[in-house]
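This report refers to the structure that appears directly beneath it.
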Amino acid sequence: MDAVRSMTLGRGGGGADPNAPSAELYQTLDELVGRRCQTLAYQKRLHSGRAFYMSTALISSDALVTLYDTKAAKKRTWQWFYLGLSIGALLPLQDPIEFIKSMNALILEYENETEAKQRGKPIFQSKPKGGAGAATNFLETGVYTYFETPHLPFELDYGYTFQALCDVLISMYGKFVNNTEMVCNQTYMDAVMKVDAKVKKIITIVQKDLDSLARVEVKAEIASLQLY
């Protein structure tokens, strides 16, 4: 009975406690997670090289190679590889509050890394495995606590990297709603939305690329039909 009452305190009204768990917030979060996971699964399927974009154009593996064989795309591949790797390292965390706090810290480090490279500023280092405890301010220490950037002696495949990132992000979103009913207050929701905002940017970038590629494929198909 107390648990049910606690879940209804955040529904509004003069006596509502913004720090109390809210059933309505949890429902909103659950719906958001469902939409994001559906979109990520769809974009992952499109990068398999065997799927149709909005039931119009086949996105082939050859077409994907052409689209992403650019300097900017290759740089993006490394960024997303590091992001997926870093999120994956946090997935074993069981406490939802610890997980969302770590995710927010990771996103800040990820944003700093990508912006630093764009501006040509010095790049920070990842914390060595088995090193000291978490630093409170990576801007002061020059060392990331959560964002991992290991060196790999080979190039990454964009398609496989993005598909792996989608899998990790889907798992991440799942943890946002898995047994979090009793911690889903406004503070928790705001923290999730900060992470979601960064994922939305990634989804938007990929969606624009796929849309452009689909247009090219459709035009090529129409042109080939006009030859007969």
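Since the structure is predicted, the reported quantities are computational estimates derived from the model, not experimental observations.
No salt bridge links Asp95 with Lys175; every basic N to acidic carboxylate O contact stays at or beyond 4.0 Å. Note on Glu111 versus Lys198: salt bridge recorded, some NZ/NE/NH1/NH2 to OD/OE distance being below 4.0 Å. Between Arg215 and Asp211, at least one side-chain N (NZ, or NE/NH1/NH2) sits under 4.0 Å from a carboxylate O, which counts as a salt bridge.
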- Task: Check step by step if side chain to side chain contact (heavy atoms under 4.5 Å, CB included) holds for Arg50 and Ile59.
- Result: CA-CA 7 Å; Arg50 302 182 301 275; Ile59 306 298; over 6 Å; no
- Message: Run Phe147 and Thr149 through side chain to side chain contact (heavy atoms under 4.5 Å, CB included) and show every step you take.
- Response: CA-CA 7 Å; Phe147 190 62; Thr149 58; 3.4 Å; yes
- Could you go step by step and tell me if Glu155 and Thr77 meet the side chain to side chain contact (heavy atoms under 4.5 Å, CB included) rule? CA-CA 9 Å; Glu155 290 297 320; Thr77 301; over 6 Å; no
- Task: Take Leu25 and Leu29, measure what side chain to side chain contact (heavy atoms under 4.5 Å, CB included) needs, and give me the verdict at the end.
- Result: CA-CA 6 Å; Leu25 278 178; Leu29 177 59; over 6 Å; no
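Residues passing the salt bridge (Lys or Arg N to Asp or Glu O under 4.0 Å) test with Asp157: none are found, sequence neighbours excluded. Every ring pair (Phe, Tyr, Trp, His ring centres under 6.0 Å) that Tyr68 has, sequence neighbours left out, goes to His47, Tyr158.
When only modelled atom types and interatomic distance are considered, Gln207 and Tyr53 share a side-chain donor-acceptor pair under 3.5 Å. No hydrogens or angles considered: a donor-acceptor pair under 3.5 Å links the side chains of Tyr144 and Glu113.
When every heavy atom of Asn185 is checked against every heavy atom of Asn19, the shortest pair comes out as ND2-O, 2.9 Å. Of all heavy-atom pairs between Gly88 and Val168, the closest is N-CG1, 3.9 Å. Minimum heavy-atom separation, Ala89 to Glu148: CB-OE2, 3.5 Å. What you find for Cys37 and Tyr173 is that their closest heavy atoms are SG-CB, 3.8 Å.
Under a hydrophobic clustering in which Ile, Leu, Val, Met, Phe, Trp and Tyr are joined whenever their side-chain heavy atoms come within less than 4.5 Å, directly or via other members, Leu58 and Leu46 fall into different clusters. Linking ILVMFWY side-chain heavy atoms closer than 4.5 Å, directly or via other members, places Leu156 and Tyr160 in two distinct hydrophobic clusters.
Side-chain contact check for Ser60 versus Val65: every heavy-atom pair is 4.5 Å or farther apart. Residues Lys101 and Leu93 fail the side-chain proximity criterion, which asks for heavy atoms closer than 4.5 Å.
The structure places CD of Gln27 at 8.0 Å from CG of Asp30, a figure rounded to the nearest 0.5 Å. Atom OG1 of Thr161 sits about 12.0 Å away from atom CG of Leu83, to the nearest 0.5 Å. Atoms CG and OG, on Leu91 and Ser102 in that order, are 11.0 Å from each other to the nearest 0.5 Å.
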